[in-house]
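Residue numbers count from 1 along this sequence.
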Amino acid sequence: MLLVDADRPEPVRGGARELAVFLTPEPGAEAKEVEETIEGLLLRLEEFCSLADMIRSDTSQILEENIPLLKAKVVEMRGIYAKVDQLDAFVKMVRRHVSFLEAHVLQAERDHGALSQALRKWLGSSGLPTLGNKRWAPVAPTFELPALYRTEDYFPVDVGEVMPRAPSCQRRL
């Protein structure tokens with residue numbers, strides 16, 4: 001604070017007083033600015049906290065709803081993978097049986113002379129003299145059909161899915 005002499009005239013004293021008031025900081029104005037700044041920061045902090053709470057609640061809701069669904073899908077997919085593995089094993093078994101049957105068919109054709117008989121019929125119909133004019137009686141070796149598989153053994157059928165069929169005569173291949 002500015003000390004003023006009592007001897008000095010009044011205008012100087014009044015000017016000094018005004019200057020002192022002007023230079024003296026106003027605690028009310030600065031405090032008001034600080035309070036406004038703090039209010040703004042608190043408002044932003046509150047908005048941030050409400051946003052964080054909303055994210056937390058959405059995350060927990062997603063976790064509570066979607067994770068059980070995902071777990072159910074994983075269990076369902078494991079069942080599908082198991083069925084695909086069974087189907088793959090079945091296809092491999094069918095491939096082995098088809099190869100086995102093809103080998104047997106080729107052997108049976110060689111044994112029974114199916115190709116030579118067809119060739120003789122063709123040569124006989126063309127008017128060419130037959131080779132040796134001999135009648136050949138093919139020896140019919142017995143052919144026994146290998147045991148085959150049934151798809152129902154590998155892929156059980158639900159009773160409700162298939163309508164019952166009328167009995168039909170069964171053929172062995």
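To the nearest 0.5 angstrom, S99 atom OG is 9.5 Å from R96 atom CZ. Taken from OG in S60 to CD in E65, the straight-line distance is 9.5 Å, to the nearest 0.5 Å. Here the straight-line distance linking atom NE2 of H97 with atom NE2 of H104 works out to 11.0 Å at 0.5 Å rounding.
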Using distance only, find each side-chain donor-acceptor pair of residues 69-93 under 3.5 Å and give its atom names and separation, not counting sequence neighbours.
none

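Remark: E36 pairs with no residue by the side chain to side chain donor-acceptor pair (under 3.5 Å) rule, at least two apart or across chains. Residues satisfying the side chain to side chain contact (heavy atoms under 4.5 Å, CB included) criterion with I55, sequence neighbours excluded, are L51, T59.
Cluster annotation: V34 and L43 are assigned to distinct hydrophobic clusters (Ile/Leu/Val/Met/Phe/Trp/Tyr, side-chain heavy-atom contacts under 4.5 Å, transitive).
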Verdict with reasoning, E46 to L42, per side chain to side chain contact (heavy atoms under 4.5 Å, CB included): CA-CA 6 Å; E46 186 179 334; L42 287 175; over 6 Å; no
Begin with the C-alpha distance, continue with both residues' side-chain angles, and end with the deciding distance and a verdict on side chain to side chain contact (heavy atoms under 4.5 Å, CB included) for V98 and V94. CA-CA 6 Å; V98 167; V94 168; 4.1 Å; yes
